[in-house]
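For ligands, and for the atoms within them, numbers begin at 1 and follow the listed sequence. Below, each value reflects all heavy atoms present in this structure, side chains not excepted, and no hydrogens, waters or symmetry copies.
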Amino acid sequence: MHLDRRGVLFVLSSPSGAGKTTISKKMLASDPAIALSISATTRPMRPGETDGVDYHFVDVDTFKKMAADGEFLEWAHVFGHRYGTPRARVEELLAAGKDVLFDIDWQGAQQLYQEAGPDVVRVFILPPTMAELERRLRARKTDSDEVIAARMARAANEISHWDGYDYVLINDDVEGCFDEVKAILRAERLKRRRQIGLIGFARDLIRSVPEADPTL
Ligand SMILES: Nc1ncnc2c1ncn2[C@@H]1O[C@H](COP(=O)(O)OP(=O)(O)OP(=O)(O)O)[C@@H](O)[C@H]1O
Ligand SMILES: Nc1nc2c(ncn2[C@@H]2O[C@H](COP(=O)(O)O)[C@@H](O)[C@H]2O)c(=O)[nH]1
């Protein structure tokens, strides 16, 4: 049975290369009730990325204007570039009854939580080892040695924020991690405070009992 509920703002964070894009893509492909928040970024496009799908690729002046105009729900400097979550798409998705998936760093998760509080569910993904993290970054073949070194150098800092999250998973095996993420989303969707349709449903159930106490 379907009851109206508040949308979940589902955040995935991790050190670069731990697998959050991989998990996000699997979630989006398997569940039409959740849609991706498409960030704006000033970083250059990678091979295989599409403007407007993976990110909105913008120059620094455009980004600064968007920030000054209040167009971002949150934004941060990451790896020497600016990244931000456009407010409009998130609001449209929530109004359409969707859950929203965010692939953002710990600074973004913190700001989003300040904005949207308990509607936000924060999941942090750890790699099994730092050697495996570096191996994944290299195997992805999207970044230069210099970029990979910078991402590895920042990984410890990113990981140090693990305790600001509601759930922490170790992505050793993609399918296992994906199953855990799906279980979290499913349980969060079922939380009583998100099921706004429950109030009317329970009231109608009670009123349908002729012998019920009329003050209930
Ligand atoms: N459990 C896993 N085992 C082996 N390889 C994995 C696993 N999870 C992801 N990968 C691979 O590791 C690489 C990095 O994954 P991905 O791009 O999803 O990381 P990310 O956390 O989104 O990184 P970034 O923050 O830089 O976008 C990809 O090539 C992906 O296929
Ligand atoms: N605070 C935000 N962080 C973001 C946003 N979009 C992406 N990110 C994070 O940046 C790094 C690097 O991403 P990459 O695509 O260049 O590898 C990663 O941790 C993302 O989660 C955002 O809108 N806000």
Side-chain angles (χ1 to χ4, degrees), residues 9-29 36-58 63 66-67 71-90 100-116 120 122-144 146-162 164-165 169-181:
L9 280 66
F10 199 83
V11 174
L12 286 182
S13 300
S14 78
S16 176
K20 60 194 170 306
T21 310
T22 307
I23 301 288
S24 300
K25 288 194 168 152
K26 290 176 83 67
M27 285 178 80
L28 295 166
L36 183 67
S37 161
I38 302 173
S39 298
T41 182
T42 59
R43 89 147 156 74
M45 205 188 299
R46 287 182 188 140
E49 286 182 328
T50 309
D51 188 23
V53 175
D54 299 288
Y55 282 104
H56 299 287
F57 294 94
V58 298
F63 192 100
M66 289 172 79
E71 287 185 36
F72 292 129
L73 260 177
E74 64 74 34
W75 74 270
H77 288 276
V78 190
F79 306 128
H81 300 290
R82 289 170 163 86
Y83 293 78
T85 300
R87 186 184 291 278
R89 176 174 167 84
V90 175
V100 186
L101 177 62
F102 299 83
D103 174 337
I104 58 179
D105 82 333
W106 67 271
Q107 304 171 89
Q110 225 173 53
Q111 292 175 54
L112 198 63
Y113 188 74
Q114 280 160 13
E115 282 273 332
V120 182
R122 295 157 297 179
V123 179
F124 196 83
I125 297 179
L126 290 169
T129 64
M130 296 310 277
E132 171 63 9
L133 182 69
E134 183 163 358
R135 191 201 66 73
R136 288 181 192 172
L137 282 172
R138 293 198 181 285
R140 190 168 68 180
K141 296 188 187 310
T142 52
D143 299 299
S144 64
E146 196 185 2
V147 167
I148 291 174
R151 285 173 185 245
M152 285 303 295
R154 195 180 148 115
N157 177 277
E158 186 77 27
I159 291 172
S160 73
H161 296 281
W162 67 273
Y165 286 76
L169 306 176
I170 300 169
N171 178 17
D172 200 349
D173 157 62
V174 180
E175 289 308 322
C177 187
F178 177 48
D179 282 346
E180 288 171 345
V181 168

S.K.: Just going by heavy-atom distances, which of Glu175, Lys141, Arg136, Glu132 is nearest to atom 13 (C) of ligand 1?
M.R.: Arg136
S.K.: For ligand 1, find out whether one of its N or O atoms is nearer than 3.5 Å to an N or O atom of Gly19.
M.R.: yes
S.K.: Which ligand 2 atoms does Lys20 reach within 4.0 Å, using its non-hydrogen atoms?
M.R.: 18 (C), 19 (O), 20 (C), 21 (O)
S.K.: What protein heavy atom sits nearest atom 18 (O) of ligand 1, and how far away is it?
M.R.: Thr22 OG1, 2.5 Å
S.K.: Quick check on contacts: which atoms of ligand 2 are under 4.0 angstrom from a heavy atom of Ala76?
M.R.: 1 (N)
S.K.: Return a yes/no value for Gly84: is any of its N or O atoms, backbone included, closer than 3.5 angstrom to an N or O of ligand 2?
M.R.: yes
S.K.: Measure the distance from atom 11 (C) of ligand 2 to every protein heavy atom, then report the residue, atom name and distance (to 0.1 Å) of the closest one.
M.R.: Val78 CG1, 3.7 Å
S.K.: Do me a favour and list the nearest non-hydrogen protein atom to atom 17 (O) of ligand 1 with residue, atom name and distance?
M.R.: Arg140 NH1, 2.9 Å
S.K.: Provide, to 0.1 Å, the distance between atom 24 (N) of ligand 2 and the closest protein heavy atom, together with that atom's residue and name.
M.R.: Glu74 OE2, 2.7 Å
S.K.: Kindly check if the number of other-residue, nucleotide or ligand heavy atoms within 6.0 Å of CG (Leu28) is above 12?
M.R.: yes
S.K.: Can a donor-acceptor pair be found, under 3.5 Å and without considering hydrogens, that links the side chain of Thr85 to the backbone of Leu73?
M.R.: no
S.K.: Would Tyr55 count as being in polar contact with ligand 2, using the rule that some N or O on each side must be under 3.5 angstrom apart?
M.R.: yes
S.K.: Heavy atom of Gly17 under 4.0 Å from ligand 1?
M.R.: yes
S.K.: Among all protein heavy atoms, pick the one closest to atom 25 (O) of ligand 1 and tell me residue, atom and distance.
M.R.: Lys20 NZ, 2.4 Å
S.K.: Please identify which atoms of ligand 1 are closer than 4.0 Å to at least one heavy atom of Ser14.
M.R.: 21 (O)
S.K.: What is the nearest protein non-hydrogen atom to atom 26 (O) of ligand 1, stated with its residue, atom name and distance?
M.R.: Ser16 OG, 2.5 Å
S.K.: Which heavy atom of Ser13 sits nearest a heavy atom of Ile104, and at what distance?
M.R.: OG-O, 2.6 Å
S.K.: So, do His56 and Thr41 sit near enough that their side-chain heavy atoms are less than 4.5 Å apart?
M.R.: no
S.K.: Any nitrogen or oxygen of Asp103 lying under 3.5 Å from a nitrogen or oxygen in ligand 2? Just yes or no.
M.R.: yes
S.K.: Could you tell me which non-hydrogen atom of Val174 sits nearest to which non-hydrogen atom of Ile23, and how far apart they are?
M.R.: O-CD1, 3.9 Å
S.K.: Answer with yes or no whether Asp172 contacts ligand 1, where contact means a heavy atom under 4.0 Å from a ligand atom.
M.R.: yes
S.K.: Just which atoms of ligand 2 are under 4.0 Å from any heavy atom in Gly108?
M.R.: 1 (N)
S.K.: Are Arg46 and Asp143 ion-paired here, with the side-chain N under 4.0 Å from a carboxylate O?
M.R.: yes
S.K.: Quick check on side-chain contact (heavy atoms from CB on, under 4.5 Å): which of Arg154, Arg151, Arg136 does Ser16 satisfy it with?
M.R.: Arg151
S.K.: What's the shortest heavy-atom distance between Leu137 and Gly17, and which atoms?
M.R.: CD2-CA, 3.7 Å
S.K.: Among all the protein's non-hydrogen atoms, which is closest to atom 1 (N) of ligand 2, and how far away is it?
M.R.: Asp105 OD1, 2.8 Å
S.K.: With heavy atoms under 4.0 Å as the rule, classify the contact between His56 and ligand 2 as side chain, backbone, both or neither.
M.R.: neither
S.K.: Number the atoms of ligand 2 from 1 as they appear, then name those within less than 4.0 Å of a heavy atom of Arg43, with their elements.
M.R.: 14 (P), 15 (O), 16 (O)
S.K.: Rounded at 0.5 Å granularity, tell me how far OG in Ser37 sits from CZ in Phe10.
M.R.: 14.0 Å
S.K.: With heavy atoms of Pro15 as the reference, note each atom of ligand 1 found under 4.0 Å away.
M.R.: 21 (O)
S.K.: Of Phe102, Tyr83, Phe79, which has the heavy atom at the shortest distance from atom 16 (O) of ligand 2?
M.R.: Tyr83
S.K.: Using a strict cut-off of 4.0 Å, indicate which atoms of ligand 1 neighbour a heavy atom of Arg151.
M.R.: 26 (O)
S.K.: Minimum heavy-atom separation for Gly108 to Glu74, with atom names?
M.R.: CA-OE1, 3.1 Å
S.K.: Under a 4.0 angstrom heavy-atom cut-off, which atoms of ligand 1 come close to Val174?
M.R.: 1 (N), 2 (C), 7 (C), 8 (N)
S.K.: Shortest non-hydrogen contact from Leu126 to Phe124?
M.R.: CD2-CE2, 3.5 Å
S.K.: Could you tell me whether a side-chain N or O of Arg82 sits under 3.5 Å from a main-chain N or O of His77, the two making a donor and an acceptor?
M.R.: no
S.K.: Which of the atoms in ligand 1, numbered in the order shown and given with their element, are less than 4.0 Å from a heavy-atom of Arg46?
M.R.: 26 (O)
S.K.: Evaluate Arg46 for polar contact with ligand 2, using N/O atom pairs at a separation under 3.5 Å.
M.R.: yes
S.K.: Taking only heavy atoms of Thr85, which atoms of ligand 2 are found under 4.0 Å from at least one of them?
M.R.: 23 (O)
S.K.: If you have a sec, work out which protein heavy atom is nearest atom 8 (N) of ligand 1 and how many Å separate them, to one decimal?
M.R.: Asn171 ND2, 3.1 Å
S.K.: Check whether any side-chain N or O of Thr50 sits under 3.5 Å from a backbone N or O of Val53 as a donor-acceptor pair, and report yes or no.
M.R.: no
S.K.: Identify the protein heavy atom lying closest to atom 22 (O) of ligand 1, giving its residue, its atom name and the separation to 0.1 Å.
M.R.: Thr21 OG1, 2.3 Å
S.K.: For the aromatic rings, using the six-membered ring if either is Trp, is the centroid distance between Phe63 and Trp75 under 6.0 Å?
M.R.: yes
S.K.: Evaluate the side chain to side chain contact (heavy atoms under 4.5 Å, CB included) criterion for residues Leu12 and Phe102: first the C-alpha distance (whole Å), next the side-chain angles of each, then the deciding distance (0.1 Å), finally the verdict.
M.R.: CA-CA 6 Å; Leu12 286 182; Phe102 299 83; over 6 Å; no
S.K.: If I compare all heavy atoms of Ile38 with all of Gly52, which pair ends up nearest, and what's the gap?
M.R.: CD1-O, 3.4 Å
S.K.: Compute the minimum heavy-atom distance from Arg151 to ligand 2 and say whether it is under 4.0 Å.
M.R.: yes
S.K.: For atom 23 (O) of ligand 2, find the nearest protein heavy atom and state the residue, atom name and distance (0.1 Å precision).
M.R.: Ser39 OG, 2.7 Å
S.K.: NZ of Lys141 to CD1 of Ile148: how many Å apart, nearest 0.5 Å?
M.R.: 9.5 Å
S.K.: For the residue pair Arg43 and Phe57, would you count it as a cation-pi contact if the rule is NZ or CZ under 6.0 angstrom from the ring centre and within 45 degrees of the ring axis?
M.R.: no
